[in-house]
**Q** 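I am attaching a structure below and will ask some questions about it afterwards.
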Amino acid sequence: MNTKTAKNIRIIDFLNALGYQPQRTVRDNHFYLSPLRTEKTASMKVDNKLNLWYDHGSAQGGTIIDLVIAMQKARTVSDALTFLKDLNLKTDSIFNDKREKIGNQMTTRQSSINIEIIRSLQNSKLLHYLQERKINVDTTRKYLQEIHYSVDDRKYKAVGWLSNSNGYHLRSEFFKGCTSQDISVIKGADSNRQSKICMVYEGMFDFLSHLTLKNKKEFKVDCVILNSLSNLNKAVEWIRQNKLTPSLLLDNDTAGQKATSKLLEEFPEAEDFSMTYSDHKDLNDYHKSKSGLKNSLSKDIDESRNPEQTNTYRRKR
């Protein structure tokens, strides 16, 4: 099997053979729970017309060969071709030279999300979505906005927040996406930079959960929201440029632990607070499932700590 033949295998047939089914379908677009990471909202799109895929959460995409490699079933193109050959899936000649010229456009083209209206949070369904995640709605109004957007001429609404590159990250009960991938930095109230600490979260809802737990509307220190683990190197660069020491509140899944380990290696004085919610996937799950956590988390995570103090929370992974 060569690459041209492999690219004529439908990605949806490949995923079906591995036990993955689309969560929803919009015209030629099939939305899957990403096989590359753990998620609750389907954010990997397969364009069945072009036979290309794009994972909004990890900002990866391409052809079926790229998908095989990304899923770690193969290390090289040759290994990917061998793996696909062994599956014995049929090919479809409809994917011809026109598709080849388009190539990996899903990874290089501008986002198909068109922002139409940006306003304060008002939509009842979006407010209910936040309440379901146990987020203090009054607190969110400082950080989140109601975004009206369209994709392929269909109109939607989501909560959204700005990234450092002025793109929007969007979330709703049924959608997870962005106009461009980047970290979001939320400046702390300590404008004099007396503290050399910053807090690092994997997602915006983890940050908002922490604020809700501590009954605050803002932190004194700067906070870094990764938005996606693919932005980890951007976060490292920003933290290093600003000469800060991170307090880490990432997820407890395998990917989150790897990211935490990398940050602990990059910043020897960093502290890992994920053990505070070690029985839960992330800080938002911890917040939703427990009661009386405010005092516990307030004591454990001190934004005014001295980076030179003994690192009691640092752990090897």
Side-chain angles (χ1 to χ4, degrees), residues 133-136 139-140 142-144 161-164 169 182-229 231-252 255-278 280-287 293-315 317:
R133 303 196 71 158
K134 306 299 182 184
I135 302 299
N136 185 304
T139 299
T140 66
K142 180 179 174 66
Y143 305 100
L144 303 181
W161 60 93
L162 275 172
S163 69
N164 276 21
H169 288 266
D182 202 353
I183 63 172
S184 298
V185 174
I186 298 172
K187 304 300 291 183
D190 181 7
S191 58
N192 295 324
R193 311 282 295 177
Q194 294 177 358
S195 175
K196 294 300 180 182
I197 300 298
C198 71
M199 293 189 285
V200 182
Y201 305 86
E202 196 161 323
M204 175 59 78
F205 289 117
D206 297 317
F207 164 74
L208 293 173
S209 294
H210 195 186
L211 281 176
T212 302
L213 284 164
K214 298 192 76 170
N215 195 27
K216 291 187 175 184
K217 290 191 176 181
E218 62 182 351
F219 287 119
K220 294 179 180 180
V221 302
D222 294 345
C223 296
V224 181
I225 317 297
L226 296 182
N227 292 316
S228 167
L229 291 178
N231 295 323
L232 185 62
N233 289 335
K234 295 178 182 179
V236 170
E237 182 179 358
W238 186 90
I239 295 169
R240 184 173 287 123
Q241 286 179 349
N242 288 274
K243 300 179 180 179
L244 298 176
T245 299
S247 292
L248 309 177
L249 299 100
L250 275 59
D251 292 3
N252 278 313
Q257 290 179 3
K258 286 182 179 179
T260 297
S261 294
K262 176 177 174 59
L263 288 167
L264 289 172
E265 291 174 2
E266 295 284 347
F267 303 99
E269 298 302 322
E271 288 198 56
D272 173 20
F273 288 96
S274 62
M275 65 173 59
T276 309
Y277 45 95
S278 59
H280 302 272
K281 177 185 178 294
D282 57 33
L283 189 50
N284 182 241
D285 280 349
Y286 174 85
H287 171 44
L293 298 179
K294 186 188 303 181
N295 292 335
S296 174
L297 202 63
S298 296
K299 292 176 183 177
D300 286 342
I301 303 175
D302 183 2
E303 52 186 309
S304 63
R305 72 178 179 84
N306 183 347
E308 283 74 33
Q309 72 185 19
T310 303
N311 194 338
T312 56
Y313 283 93
R314 183 179 172 87
R315 61 175 172 175
R317 290 179 176 272

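What you are looking at is a predicted structure, and each value in this text was computed from that prediction instead of being measured.
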**Q** Keeping Asn252 on the side-chain end and His280 on the backbone end, is there a donor-acceptor pair under 3.5 Å?
**A** yes
**Q** Are any non-hydrogen side-chain atoms of Phe267 and Leu248 less than 4.5 angstrom apart?
**A** no
**Q** Minimum heavy-atom separation for Leu229 and Ala259, please, with both atom names.
**A**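 What the structure gives for the nearest pair is CD2-CB, 3.7 Å.
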**Q** Could you walk me through whether Ile186 and Lys142 pass the side-chain contact (heavy atoms from CB on, under 4.5 Å) check?
**A** CA-CA 11 Å; Ile186 298 172; Lys142 180 179 174 66; over 6 Å; no
**Q** What closest approach, in Å, do Val185 and Asn164 show between heavy atoms, and which atom pair accounts for it?
**A**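 Heavy-atom minimum between the residues: N-OD1, 3.0 Å.
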**Q** Donor-acceptor check, side chain of Asn284 to backbone of Ser209, threshold 3.5 angstrom: yes or no?
**A**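 Side chain of Asn284 to backbone of Ser209, a donor-acceptor pair under 3.5 Å: no, none is there.
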**Q** Specify whether Tyr201 and Phe219 have parallel, tilted or perpendicular ring planes, treating 30° as the upper limit for parallel and 60° as the lower limit for perpendicular.
**A**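 Plane angle under 30°, so parallel.
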**Q** So, the side chain of Tyr277 versus the backbone of Leu249: is there a donor-acceptor pair under 3.5 Å, distance only?
**A**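 Yes: the side chain of Tyr277 pairs with the backbone of Leu249.
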**Q** Taking atom CZ of Phe207 and atom CD of Glu202, what is their separation to the nearest 0.5 Å?
**A**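 Phe207 atom CZ to Glu202 atom CD measures 16.0 Å (nearest 0.5 Å).
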**Q** With sequence neighbours excluded, what pairs up with Glu237 under the side-chain hydrogen bond (donor to acceptor under 3.5 Å, both in side chains) test?
**A** Gln241
**Q** Can you sort out the partners of Asp206 under side-chain hydrogen bond (donor to acceptor under 3.5 Å, both in side chains), two or more places apart, ordered by chain and number?
**A**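 Asp206: no side-chain hydrogen bond (donor to acceptor under 3.5 Å, both in side chains) contacts found.
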**Q** Indicate yes or no for a side-chain donor-acceptor contact from His169 to the backbone of Asp182 under 3.5 Å, with no hydrogens or angles considered.
**A** yes
**Q** Measure from the side-chain N and O atoms of Ser247 to the backbone N and O of Glu271, and report whether any donor-acceptor pair falls under 3.5 Å.
**A**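 No: the side chain of Ser247 does not pair with the backbone of Glu271.
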**Q** Quick one: side-chain hydrogen bond (donor to acceptor under 3.5 Å, both in side chains) partners of Lys217, sequence neighbours excluded?
**A**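 Lys217 satisfies side-chain hydrogen bond (donor to acceptor under 3.5 Å, both in side chains) with no residue once adjacent residues are dropped.
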**Q** Would you compute the distance between atom CG of Asp282 and atom OG of Ser274 and round it to the nearest 0.5 angstrom?
**A**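 These two atoms lie 11.0 Å from each other.
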**Q** State whether the side chain of Asn136 and the backbone N or O of Asn215 hold a donor-acceptor pair below 3.5 Å, judged by distance alone.
**A** no
**Q** Would you mind reporting whether Leu208 and Trp161 have side-chain heavy atoms less than 4.5 Å apart?
**A**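 They are not in side-chain contact.
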**Q** Measuring from atom CG of Leu213 to atom OG1 of Thr276, what distance do you get when rounded to the nearest 0.5 angstrom?
**A** 11.0 Å
**Q** Identify the two heavy atoms, one from Ser184 and one from Ser163, that lie closest to each other, and give their separation to 0.1 Å.
**A** OG-CA, 3.4 Å
**Q** So how far is it from Leu244 CG to Ile239 CD1, rounded to the nearest 0.5 Å?
**A**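 So the gap between those two atoms works out to 7.5 Å.
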**Q** Apply side-chain contact (heavy atoms from CB on, under 4.5 Å) to residues Leu250 and Leu263 and explain how you reach the verdict.
**A** CA-CA 10 Å; Leu250 275 59; Leu263 288 167; 4.2 Å; yes
**Q** Can you tell me how far the NZ atom of Lys234 sits from the CG atom of Leu226, to the nearest 0.5 Å?
**A**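 Those atoms lie 11.0 Å apart.
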**Q** When rounded to the nearest 0.5 angstrom, what is the spacing between CE in Met199 and CD1 in Ile225?
**A**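 Met199 CE to Ile225 CD1: 9.0 Å, rounded to 0.5 Å.
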**Q** How close do Ala270 and Leu264 get, heavy atom to heavy atom, and via which atoms?
**A** O-CD2, 3.8 Å
**Q** So, the side chain of His287 versus the backbone of Lys134: is there a donor-acceptor pair under 3.5 Å, distance only?
**A**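 Checked: pair present.
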